[in-house]
Structures are given as C-alpha cells and as structure tokens.
Novice: 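I have a structure I would like to understand better, so I am pasting it below and will then ask my questions one at a time.
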Amino acid sequence: MSQIHARQRLYRRSRQSLLHGWDPVLTAVVSLLLIIGTLLVWAATRDWYIRNGLDGQYYLKRHIINILIGGLLAYGTTVIDYRLLRAYTPFLWGAGVLGLIIVLIPGLGAEINGARAWIALPGGFQIQPAELAKIAIIIGMSMILSERTHDSNEPTSKDVLQALAIAAIPVILIIVQPDMGTILIIAASVVTIIAVSGAPARWVVGLLLLAVLGGFVAVKAGVVSEYQVNRLQTFVDPNADTQGAGYQLRQARITVGSGGLLGTGLFNGPQTNGRFVPEQQTDFIFTVAGEELGFVGSGFILLLYLILLMRAFSIARRTSDPFGRLVCMGVIAWFSFQLFENIGMTLGLMPMTGVPLPFISYGGSSMFATLIGFGLLQNVHARLRG
Amino acid sequence: MNNRSRLALLVVQILIVSLMAALFGRLFYLQVAAGPKYKDAALSIQSRDVVAPATRGLIVDGYGVPLAMNKAGLAITIDRIAIDKLDDQGADVMKRLAKLLNLEYKDIYQNTRLCGELPKGQKAGCWQGSRYQPIPITKSADPDIALQIVERSDSFPGVDAQPVAIRNYPSYLDVNAAHVLGYVGPLTETDLLKGNGKQYFRSETIGKSGLEIQYDSFLRGEPGIRTVIVDRKESITRESQNTKPVAGDHLVTSLDVRLQASAEKALKDAVLRGRASGYTSDSGAAVVMDIKTGRILALASYPTYDPNAWEKGLTVQQAEDLFSEKKSVPALNRALQGLFAPASTFKTVSVVAAAAAGYDLNANYKCPSQVQVGTRAFQNFDSKNQGTMNMKKAIAVSCDTIWYQIAFDEWLRDGGLRPKSSANDYFFEAAKAFNITQKVGIDLPSESSSRLADRSYKKSWYQQNKDFYCNYKERATKAQQTPFLLQLAAENCVDGDKIRAGDAVNFSIGQGDTVVTPLKLTQMYAAIANGGTIWQMMVAKAIVKTDGTVVKTFTPKKLGTVKTAPSTLSFLRSSLREVVISGTGAGVFSGFPIEISGKTGTGQVFGRNPNGSLKDDTSWFASYAPSKNPRYAVVMMVGQGGFGASTSGVGVRQIYSTLFGVVGNKVVPGAALFPEGKPPTQLPKISPATKPKEASK
C-alpha cells in the first residue's frame, strides 16, 4: 500500500505544472494587462518613430524584453522558499538604501523632471532604486509585525516602531530626491500593513495625522521642491500653465475624452500618433487606451485592475499566515495607490505625480518591481491550504 | 486573524473600491458625458483646415461685356511654418525680398503676421488666414523676379511663387463705374461676427461695397477645404477631407458699358465746363433709366476713384483721399446718396398741386418780376417781367412768380401761420403723389431717402433745434452772428415749427429744405413719361452659371402710381416738350435730330465753401426721350455747377448722342446703342473674352 502511495506521490510531483500553486484568475488578469500594455506602448510610439525615420518597433522590443525579465523575476519570487525570502530581506533593504544614497550623488544620479530618482547604468539602462526599496519595506515590515516573540495576538509598540524604522530611512532618502508620488504609495503601504497587523488603532490614527501634518509642513517649509508645488498649483487651477505641467495635463484629459465610447481604434488615434501628449509611453500610457480604445477599452482595463485587487484581497483573507497576509496587503496598497495616482493624474483627479502604471507603462524598474509584487502574491497563494 | 485585523482589512478594501469607483466615474464623465466637448478640443489640436478659394463670378453688362472679372496674378508667398524655424524667424529673408520686389520690409513683416499674433490697434494689414496657408506679400510680381526667387530656393526658404486670381475691373472704353461695382477685400473680424448664417473662412475675400457686396453670396461661390491631420511637429500625417471649390455665379446687369462710359465722360465734361465758367463745380451725378421697366442703364458719380486700387493695395494717402472733404469725398455715390434741392425741376410737382387745387392748366397767368409775400418781395428769375402766359409756357421759360402767387394764395387759404386742421396742403400732397420720401429701392447699399420739408418735418426740426435758435447768442460762434443770421435765429425761435409764407413759396420752386437724390428725380420724370408708374430701380438683371443656366432673375417692382389725373400728366409731358422746343432747354438741344423733353433747374444753395467762397448754384437737367414714345430718362446734376442748361443740359445732350447714335445733328445709321429701340431682354452668354460692340461708323 505504501508503495502505491509512494508512486502516487512521485507521479503527483512529476505532474506538477510549472505554475503549480498560481491563482489562475490572477495570472489571467495580469497576463491580459501585460498584453494590453504591450500593444499600448507600441501604439504610442510606432507611428511617430516611423515618421521620423526611426525603428517603429524600438519600444515594443524593449518592452517585451522588460516583460520577459520581469516574468522570470516573478517566477523566481513565486518559487523561492519563505525562509530564504526572509533571510535575504535585510540584504534587499541594504541594497535599496545604498541605491537611494547613490542616486542623490551628483554625477551618479540623473535628475529627470525635477527629481533625482534614477541611476544611469552603462548601455543606456536606468534603474530606480525606489522601486526596490518599496519591496524591501513591505517585506521587512511584514516580517517584523508578524513575528511573535511572545504570546500575544498583536504586535507591540516596540514592533511597530521597529517596522517604522525600516520604512523611515528609505522614505527620508526618497523625500530628498524628491519623489512625492512614491512617498504617498509607500505611506499607504505602511499604514495598511500596520493597520492590518492588528496594532493598536492609535498607531494608525497617529500615522495618518502625521502624514497629513508632514505634507503640510513639507510644502510650507519649502522642502517640497518648487516643481512639486507647481504641479499642485496646476492641479488646482488647470489653466495656470506653469512649467508646461498644465499643458501636459490638458492634453492628457483632451486625449482621453476624445476617445468617446468606442475609441478611435488601436494605432488609429490622431492625438497619440501626433504625439501631443508628452511621456506617452510611460506616465501617460493610459491616454493611449483612452483615445484608441474608448470607454469600453479603458473601462475594461480598470475592471482588470479591480479584479486583480479583489483577488489579492481574497488571498489575504484566506491565508492563515500573518506574514503572508501583511505582504499581500502591502502589495495591494502599493498597486492600488500607484494606479490611482497614475490614472487619477491622467484623468485630472490627482496632481502630477510621475508614477508609472503597473504592468502597462514602459519602464524596466517599474515592470520588474510590479512583477515581483505579483510574484509575492502568487507565493502567498501557493501556500494557501485548501 | 484577530478582529482588529479583520476590520482593518475591510476598511482598506472599502477604501480601495471607492478609489476605483472614483476612477470609473471620472472616466465615464470624460469620455461619455463630456465626450463631444473633448472630441472638439482634440480636433482643434490635431487638424488644420486649408482653404482653396473659389473663382469669383463675373459682373457683366446687358450684352455680356465684363465689368468685373478675375485676372491671373503672380503672388510671392511666405510659408510661416518654414520661416519660423529659422534662427531670425526669417527677418533676413524678408529684408532681401523687400529689396528685390521693391516693397517695404515693415509691410512684408506686417502682412505675414497672423491677426491673432498682433496687439489690438496694430493689426492693419495682418494675415487673416491660418498659418498653414502660404501668405502673399504681393500679387503682381514680375515673372522674372519670381523666377529668380524660386530658382534660389535655398536662399529663400519658405518663399514660393504662385498664380493667384486678382479681382480686376477691366475698364473697357475707359469705363469706371467704381461706385456701382464696389470692391472686394479680405474678411475682417466684424464681417465674421456679422456672419448671418454664412460659413465664412478666415482667408476669403468678400464684397465690401456696391454690387460686389449686394450680390456677394452669388458671386463668391464656395471655397474648397482640405482638412489635414497633423502631429506635434506640425507635419501632416494624413488628409481627412478634400472638397473642391465651387466657382461663383455671374451677375448680369442692365448697365451698358458704352452708355456708362459716355455718361461718365459727359458728367466729367460738365463738371469741368462748370469750372471753366468760374463755378466751384465740385461734384455730380448722372442717371440713365429705362422708363418702361425701371432698369438702370447707366449710373455715374463724380468725383470717382480707381476700383482696381483696392486690389493693388491702398496706400495710406489713397485711403485718406477717398474720404477727404478737400477732395469732395470720392467714396460717396452721389446718385444715391447726394441730397440736393431740385429747384425748377420740381415745378412738375407744382403743376400737379395747381391741378389738384382746381387751377385751370390751360388758362393764362401773370408772370411778374416779383411777388410780394408778407414783408418780402420774391423775385422772378433774373427779375424779369415776362408778362402773361399760359402755364405750359410758364414751365417752358421757367417762370417763378406764377408759382409764388399760387403757393402764397394756397398757403393763405390753408390758414397761413395758423393752419387749419383741414388744410389742403396741395403742394405737399403733390410731392407725396410722387412718393417723394420713399426710396427707389435700388439694389445697392446705403441709398438715402429724399426729404419732404412739410409741416410735420418742420415740427420735428423745431424740436431738435429750438434750444439752439432760442439761445442763439450763447450757442452760435461769432462768425455765425451776422445781422441776417441773428434775424433768422429770432424768427426760427418764434415760429420755426410752422410753415411760413416764405417756406411755402420756396417749396413751389423746389428750394428750401426739400431735397432729393438724383435717382429719385429720375424716377419722378420716368413716371411722368411712362404715364404714371413709379418703378423700383435696379441694376441687376440675373444670376447666371458659367454654363449658361439661369439661377435667378431680378425684376423691378411697381412701387406705385402718381396720384393725379392722366390729363395732368399729359399736360406735363407737353410742357416738358415745350421746354426743349422754345424754352430754357431750346439752346442746348437745338438741331438735335431726336425729340427730347425735359426741364432745367438752377438751385440756389445757402452757405459757404471751406475756402470761404459763397456756394454756387446746383445745376440740374431732368429729361426723357424720345418725346412721342418715351423709353429713356436721363438726369444730370452738378453740385455748384451753375446754370442748369449750360452745365448739365449739355451733358445730357452728350449722353443722348451716344444713346441714339447722333453725331452733331445727324443720326448715324447703325450707331444707336439699342437697335431695337430698347435695351436687350435676352440674357447674354458669359465669357471673360467678350468685348464691347464696336459702333459701326
């Protein structure tokens, strides 16, 4: 009898698919987003490049490579052992902080759009250490807030403070860049993780108040750069065309609105092909969907994101592992705030924030990070019992 | 998971779902609810309209001779997109072009600025079209120079030479007709605002005055539009639509180019004749009308200007001269806008009044040297006592005192300075019988109505001027306080609202505040000649397509009939004939082989010229011919021209000579303009190549 069981176990293992343990819905949704994203990046760049005598597939090819690399990273994240993950986290955090320091050094860090957020690597590549820091913060905080060294059902104040320390150092470095869009996302993840960890409510309330106060002080004290202030001003009064930010936002809104119900058709959008919206394959990629796919298409994308987030909530609820739960919530907060900032900015609900759209925007660092995030979700899912 | 965690998770979930809902809602608003607005905004960002102008329709005379046509010109154009890319925005290129083409750099610069780029008040000469159209800096470039420019295109980036259509007034037989034809020009902001339903594109030319504006909607056709989609660098990505222009339709008028040229020459000669006789002679008008249809065969006004000047580009001096008082405001069309006292030509109205008042037209009347009216003696012309004569002779010799007496008697009968409520007012009623205050309804803009200075006129005049005259010493300038004027002011203050004896008497000989346009007088004499029909007067005959299809015809309306007995009109006709046989018109028309009927008029004008001299008399001659079976009415007027007969009368003879083919005292066979005895009714074929018919000598 045990021989039969042993053989069965053998078969089971050999019949384990590559994506064993992956949530099929999550996989399907993210795959769709990746495919749509690829088409949108291509549509945003093909016409303009061809008309100016360059390779129309330039961005398409690089985007696909980014997806493939990201996919590998996601796969790696999914299959990695929990314990290894927790063991590597400090190194991840250290590398992130180091990257964030390097980025601030003139000559090593490149200033783009008023922020020192990128390190230029040889070969024309750039990386954004803040993306790496996001992951490290989520995993690090989740680690600390899920470990119980004592017999209690909730983290102690000491645990919370430790977790905050993990977040604080990278956050301060990112504030110096300054990259307020990323700060907001990290803040959302931090507060969410602390809240769901079961820490006393006063921590959550206190942090929220701190965030609001901090934002106020930052603007008043001039810590926030003039560039950022202009972005806020332009948001409040779109007709004050300060530094061209007003122009970008206006073009974006008009482009999205002009798509109407059904859109102009993929590759057929005059606004997109005319390249009237700047940064269209990165921060404003959603305008391509708006114009060319219309309300039906861009609404569908929003629906995909909603399903993705709901699925992730479901995983967070079902898991009995506190660490996994907190990681899930951190990723959920990250994804939802990032996509709300990006699409909100495109539609005129948020000021200019400069964060890319997860799974869709062109950009290596962002694609890798979000696919790793996806991998983390699948990792938690794989460990669900039943 | 403890309860706090569960709750926190739920709260976060709700928060995130609301964020998504907000995104959905906003997306719906932008794309569906407000979608059309954004669609429009996107179109204005991404598309450009390039307008191809339509060929403007021709204006031709009754036989098809072109009065206004289009000429091919060579324009040198500048492409703003190209020169804006240069370091100096093309300043050097434009300076070199200025030298080559003999233009001013500042004019070229100004002409190539979009009107929207310039500050208010500095827009003169700006380009009203779009940046995507080549902007002409001259339309009459020399082909050799144009070739030089195009061959050295690397030296002149953004500069091109293009054939263009220029509106041209060919001036066959030296004809001018500037006031009738009008001119064209680019659209202004006011034109666009006045839109009235028409789809104007910013770079079109439209008619600005005369026939060009009156029939602009037929003449201009439809411009073609090419809509292109552009990218951010303004490169064209594709064409969205391309409609071809539709050429404008042609306007056939009732004018005859030979008659028009003759009328203009006769008028100018009359003006100069007046000057040669020592009169100021500063303006004039001549009208020739078909009395059976109301159609206008010639319409001249002096002084005039060259209608081609507008297309060539008016200089500041030319623009000022057009409206300068010193040059007698050439822009004014005196035939429709000039208001002058009709003087003795108005005696036809007095005859109608006398008939209505019961005077026997065939009886004899005294024509003394003067008539005492109140405290003043009104003199006969030349203060001559002409004895006793019948009314017909009185008209022929233009006796004034006969009318003074009748008018004075009727004024007294009506109650004098205290008019009865049932006053007959025969003289005012006689003027109204001719519909004197009604416009003739000519199809040209800005016709003035003639003025009847009757009782109600005096009342409203008094309302407006009472304050001035009753406080004359304080209000008037020193120069205006001569004894005579002080006396006049006192009188005006007391009874300026009444028709005084002097007013009534003056009215009977066409003097005083009653003034008419030359057009109106022509209409009145035509009504006498044709048996009483008051015709609307028109210049346009029909709108015709290039292939000959008639789009629309225009027929003058009957506006009314002269309210008097046919026998009175018949009497008038025989009197007017007598004028030319034995009266004041006899000398002018002696030996003329065609029978003419008419009346001279020499109107006194009160006031001084700008140079201080007293104003000279207005010279009138109103007529129709041939007397037995009249067809044409001809009226000429020369302001400050002196005597009616010698200044205007001679001019009218000149016009009849051309009309009937008379040289000296003989009719030359085949020389008459209208061999059928009337103007042509058939519409001509339209071709830019049609030339005036040569009269066989």
Side-chain angles (χ1 to χ4, degrees), chain A residues 47-48 51-52 153-154 188 191-192 194-201 204 250-251 253-261 263 269-271 273-278 290-291 294-295 298-299 302-303 305-306 309-310 313 316-317 319-320 322 325 329 332-333 336-337 339-340 343-344 347-349, chain B residues 1-50 81 85 131-132 226-241:
Chain A
D47 230 60
W48 177 257
R51 208 170 329 115
N52 286 282
N153 220 359
E154 49 177 68
V191 173
T192 302
I194 290 178
V196 179
S197 72
V204 182
R250 251 201 317 277
Q251 292 292 344
R253 256 200 311 280
I254 291 174
T255 304
V256 171
S258 72
L261 189 63
Q271 289 290 101
N273 290 341
R275 209 58 189 179
F276 288 102
V277 182
E291 181 187 25
F295 181 72
S298 34
L302 284 180
L303 190 65
Y305 279 121
L306 186 65
L309 292 168
M310 290 300 111
F313 272 115
R317 271 204 185 86
T319 187
S320 50
R325 188 179 317 129
M329 291 308 293
I332 289 173
S336 36
F337 267 75
L339 81 89
F340 183 73
I343 299 181
L347 301 183
L349 288 177
Chain B
M1 185 166 34
N2 72 11
N3 284 333
R4 210 179 287 142
S5 298
R6 218 180 286 272
L7 180 65
L9 202 152
L10 187 63
V11 169
V12 173
Q13 189 166 20
I14 291 173
L15 171 67
I16 285 171
V17 171
S18 357
L19 289 181
M20 294 303 287
L23 289 179
F24 260 111
R26 178 69 174 172
L27 191 68
F28 182 81
Y29 167 74
L30 283 181
Q31 292 186 310
V32 180
K37 171 177 104 171
Y38 285 103
K39 194 90 212 177
D40 283 340
L43 272 175
S44 69
I45 292 171
Q46 77 210 192
S47 71
R48 305 282 180 263
D49 287 333
V50 183
I81 310 285
K85 290 196 180 123
R131 197 186 288 272
Y132 295 86
R226 181 168 168 245
T227 308
V228 291
I229 310 290
V230 299
D231 69 14
R232 201 184 69 219
K233 290 208 294 200
E234 315 270 12
S235 318
I236 297 177
T237 58
R238 63 184 171 88
E239 195 178 83
S240 140
Q241 72 155 5

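Lettering follows sequence order; numbering is per chain, from 1.
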Novice: Quick check on the interface: out of K37(B), R238(B), K39(B), who has the most heavy-atom pairs with chain A under 4.5 Å?
Specialist: K39(B)
Novice: Considering only heavy atoms, which portion of T255(A) lies under 4.5 Å from any heavy atom of chain B: side chain, backbone, both, or neither?
Specialist: neither
Novice: Could you measure the distance from the CE atom of M329(A) to the CG atom of L9(B)? Nearest 0.5 Å is fine.
Specialist: 4.0 Å
Novice: Counting only non-hydrogen atoms closer than 4.5 Å, does I254(A) touch chain B with its backbone (N, CA, C, O), its side chain (CB onward), both, or neither?
Specialist: both
Novice: Measure N52(A) against the heavy atoms of chain B and call it side chain, backbone, both or neither at under 4.5 Å.
Specialist: side chain
Novice: Can you name the residues that form a side chain to side chain contact (heavy atoms under 4.5 Å, CB included) with S47(B), not counting sequence neighbours?
Specialist: L43(B), T227(B), I229(B)
Novice: For A199(A), is it the side chain, the backbone, both or neither that has a heavy atom under 4.5 Å from a heavy atom of chain B?
Specialist: backbone
Novice: Give, for atom OG1 of T237(B) and atom CH2 of W48(A), the distance between the pair rounded to the nearest 0.5 Å.
Specialist: 10.5 Å
Novice: For L23(B) and F340(A), what are the C-alpha separation, side-chain angles and deciding distance, and is it a side-chain contact (heavy atoms from CB on, under 4.5 Å)?
Specialist: CA-CA 7 Å; L23(B) 289 179; F340(A) 183 73; 3.6 Å; yes
Novice: Answer with side chain, backbone, both or neither: which region of R275(A) has an atom nearer than 4.5 Å to a non-hydrogen atom of chain B?
Specialist: both
Novice: Side chain from CB out, backbone as N, CA, C, O: work out which of these in V12(B) comes under 4.5 Å of a heavy atom of chain A, or both, or neither.
Specialist: both
Novice: Atom CG in L347(A), atom CZ in F24(B): separation rounded to 0.5 Å?
Specialist: 11.5 Å
Novice: For residues 15-27 of chain B, which residue pairs qualify under side-chain hydrogen bond (donor to acceptor under 3.5 Å, both in side chains), counting only residues two or more places apart or in two chains?
Specialist: none
Novice: Side chain, backbone, both or neither: which part of I45(B) has a non-hydrogen atom closer than 4.5 Å to chain A?
Specialist: both
Novice: Any chance you could measure Q13(B), atom CD, to L309(A), atom CG, to the nearest 0.5 Å?
Specialist: 9.5 Å
